[in-house]
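Following: one structure in structure tokens, then a few remarks.
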There are 2 protein chains.
Amino acid sequence: MFCSKACEYAIRSMIFLADQSQNDIVPISKLSQELEISFTFLTKVLQQLTEKGYLISYKGAKGGVCLGKAPEEISLDDIVQAVSGHNMKSICATGNPDCDGLHPCPLHDRWQPIQKMLGDFYKETNLENYKVSLIDKLIK
Amino acid sequence: MFCSKACEYAIRSMIFLADQSQNDIVPISKLSQELEISFTFLTKVLQQLTEKGYLISYKGAKGGVCLGKAPEEISLDDIVQAVSGHNMKSICATGNPDCDGLHPCPLHDRWQPIQKMLGDFYKETNLENYKVSLIDKLIK
DNA sequence: AAGAATAAAGACTAATTTGTCTTAAAATAA
DNA sequence: TTATTTTAAGACAAATTAGTCTTTATTCTT
Ligand code: FES
Ligand code: FES
């Protein structure tokens with residue numbers, strides 16, 4: 001819905017890897033089993049993350065992938081951008097390609113605060129803090 | 001991004017119609033010109049809104065479409081649902097088909113407040129109040 | 001009654017996304 | 001070295017979405 005299937009698979013895979021207590025090397029076959037995603041398709045999706053440095057891949061026996069950066073250095077927005085080529089920063093509710101306020105669509109004023117929170121969520125959520133609910137954050 | 005092109009076209013068309021001072025009958029050809037959307041494609045999209053009663057269509061010379069209900073009776077969520085068949089109420093950030101809290105994905109806790117605001121936005125925004133910014137609403 | 005304007009409907013095409021299959025390349029294990 | 005395990009890469013197929021084209025039915029105008 002918000003992003004493509006490919007994006008969703010990427011996010012789920014990255015979270016799975018972040019959940020490994022050590023930054024272990026996990027074969028994509030295992031990821032595909034655990035997350036119930038087609039192995040060959042997942043391989044292609046994760047290649048895009050490897051290209052951008054968010055994953056490191058190892059060929060051969062005992063090979064697989066592991067996080068390429070510290071968990072707090074990888075945001076959901078990074079993942080979305082790597083896989084789908086655009087971020088969640090300027091999404092217009094009516095499909096305007098640039099929701100920048102210069103050429104606002106009729107929904108712009110009302111949509112903007114929602115859009116802002118959405119963009120912040122993707123940018124500020126990373127593989128370290130994704131477990132912390134935003135409500136907890138407000139309580140503290 | 002959030003919805004399909006068809007959805008975006010539907011929302012833009014409905015807002016255009018709501019902006020007519022009277023609830024005039026507007027030919028789809030005019031909508032397609034003003035909004036720069038393919039005429040034949042737009043015709044098919046708007047047919048779905050006519051089926052659900054959100055539009056009334058008139059064939060023949062001087063024909064066209066007009067709103068089928070009072071503007072405040074038509075929410076963005078109604079439009080999305082009519083055209084794409086699903087609403088914005090339970091959207092999981094990782095593609096989980098039912099984001100209901102029973103089978104939460106790893107992002108659920110953190111995502112939920114955002115999801116709530118998003119759902120409320122689509123449900124509470126209608127063709128009458130879409131111009132009112134949510135910031136204004138808070139100030140009052 | 002005849003012609004023009006308009007939505008409806010259905011078959012078709014094009015583009016994009018999703019997914020499969022096969023082969024190659026690299027690394028480990030025996 | 002040879003076999004096995006794994007990612008990489010590219011061609012292909014299937015599904016979904018977007019868009020076109022043509023015909024029909026309806027309504028207004030003259
Ligand atoms: S231009 Fe549409 S929401 Fe900003
Ligand atoms: S199940 Fe994924 S956000 Fe609720």
Side-chain angles (χ1 to χ4, degrees), chain A residues 1-14 16-17 24-68 80 82-86 94-95 97, chain B residues 1-14 16-17 24-68 80 82-86 94-95 97:
Chain A
M1 171 63 77
F2 290 114
C3 27
S4 59
K5 293 270 183 194
C7 258
E8 290 170 358
Y9 297 166
I11 291 175
R12 286 165 58 193
S13 298
M14 293 300 272
F16 185 92
L17 290 171
D24 290 334
I25 295 175
V26 177
I28 299 176
S29 56
K30 177 165 187 194
L31 283 170
S32 86
Q33 279 169 26
E34 296 286 339
L35 304 176
E36 296 176 306
I37 301 169
S38 143
F39 167 70
T40 47
F41 190 56
L42 186 57
T43 294
K44 301 219 302 189
V45 171
L46 298 187
Q47 271 174 37
Q48 300 179 277
L49 293 169
T50 301
E51 284 168 13
K52 309 292 191 313
Y54 297 115
L55 285 178
I56 298 173
S57 71
Y58 300 91
K59 288 184 180 178
K62 299 279 180 185
V65 294
C66 67
L67 297 186
V80 170
V83 171
S84 73
H86 54 72
T94 68
Chain B
M1 170 64 77
F2 291 116
C3 27
S4 58
K5 293 272 182 191
C7 257
E8 290 170 358
Y9 296 167
I11 292 175
R12 287 164 58 194
S13 298
M14 293 300 273
F16 185 92
L17 290 171
D24 290 335
I25 295 175
V26 177
I28 300 176
S29 56
K30 176 163 187 195
L31 282 170
S32 88
Q33 278 169 26
E34 296 285 338
L35 303 175
E36 295 177 306
I37 301 170
S38 142
F39 167 70
T40 47
F41 189 55
L42 185 57
T43 294
K44 302 218 302 188
V45 171
L46 297 189
Q47 272 174 35
Q48 300 179 275
L49 293 170
T50 301
E51 284 167 15
K52 309 292 191 313
Y54 297 116
L55 285 179
I56 297 174
S57 72
Y58 299 91
K59 289 185 179 176
K62 298 280 179 186
V65 293
C66 67
L67 296 186
V80 170
V83 171
S84 73
H86 54 73
T94 68

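Please read these numbers as outputs of a predicted model, since none were measured by experiment. A note on names: the letters A, B, ... follow the listed sequences, proteins ahead of strands, and every chain is numbered from 1.
- Side-chain contact between A/S4 and A/Y9 is absent, with no heavy-atom pair separated by less than 4.5 Å.
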Donor-acceptor contacts under 3.5 Å from residues 49-57 of chain A side chains, at least two apart:
{"residue": "A/T50", "atom": "OG1", "partner": "A/L46", "partner atom": "O", "Å": "3.1"}
{"residue": "A/K52", "atom": "NZ", "partner": "A/A82", "partner atom": "O", "Å": "3.4"}

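- Minimum interatomic distance between A/R12 and B/T94 (heavy atoms only, all atoms of both residues): CD-O, 3.4 Å.
- Across all strands shown, B/L46 has no heavy atoms under 4.0 Å from either base or sugar-phosphate atoms.
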Check residues 29-45 of chain A and write down every donor-acceptor pair under 3.5 Å in which the side-chain atom is one partner and the other belongs to a residue at least two apart or another chain.
{"residue": "A/S32", "atom": "OG", "partner": "A/S29", "partner atom": "O", "Å": "3.0"}
{"residue": "A/S38", "atom": "OG", "partner": "A/F41", "partner atom": "N", "Å": "3.2"}
{"residue": "A/T43", "atom": "OG1", "partner": "A/F39", "partner atom": "O", "Å": "2.9"}

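- Between A/D24 and A/L17 there is no side-chain heavy-atom pair separated by less than 4.5 Å.
- Interface residues of residues 51-67 of chain A facing DNA chain D, ordered by number: A/S57, A/Y58, A/K59, A/G60, A/A61, A/G63, A/G64; criterion, heavy-atom separation under 4.0 Å.
- Counting to the nearest Å, the P atom of D/dT7 and the CD1 atom of A/I28 are 4 Å from each other.
- On the nucleic acid side, DNA chain C has its first and last nucleotide under 4.0 Å of a heavy atom of chain B at C/dA5 to C/dA11, going 5' to 3'.
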In 5'-to-3' order, the base (B), backbone-only (S) or no-contact (-) status of each nucleotide in nucleotides 16-22 of chain D, using a 4.0 angstrom heavy-atom cut-off, is --SBBB-
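- A/S84 places none of its side-chain heavy atoms less than 4.5 Å from the side chain of A/C3.
- Taking both residues in full, the closest heavy atoms of A/Q48 and A/V83 are given as NE2-O, 3.5 Å, listed atom of the first, atom of the second, then distance.
- Between the CG atom of A/L42 and the P atom of D/dT7 there is a distance of 9 Å, rounded to whole Å.
- Under the side chain to side chain contact (heavy atoms under 4.5 Å, CB included) criterion, B/K62 pairs with no residue, sequence neighbours left out.
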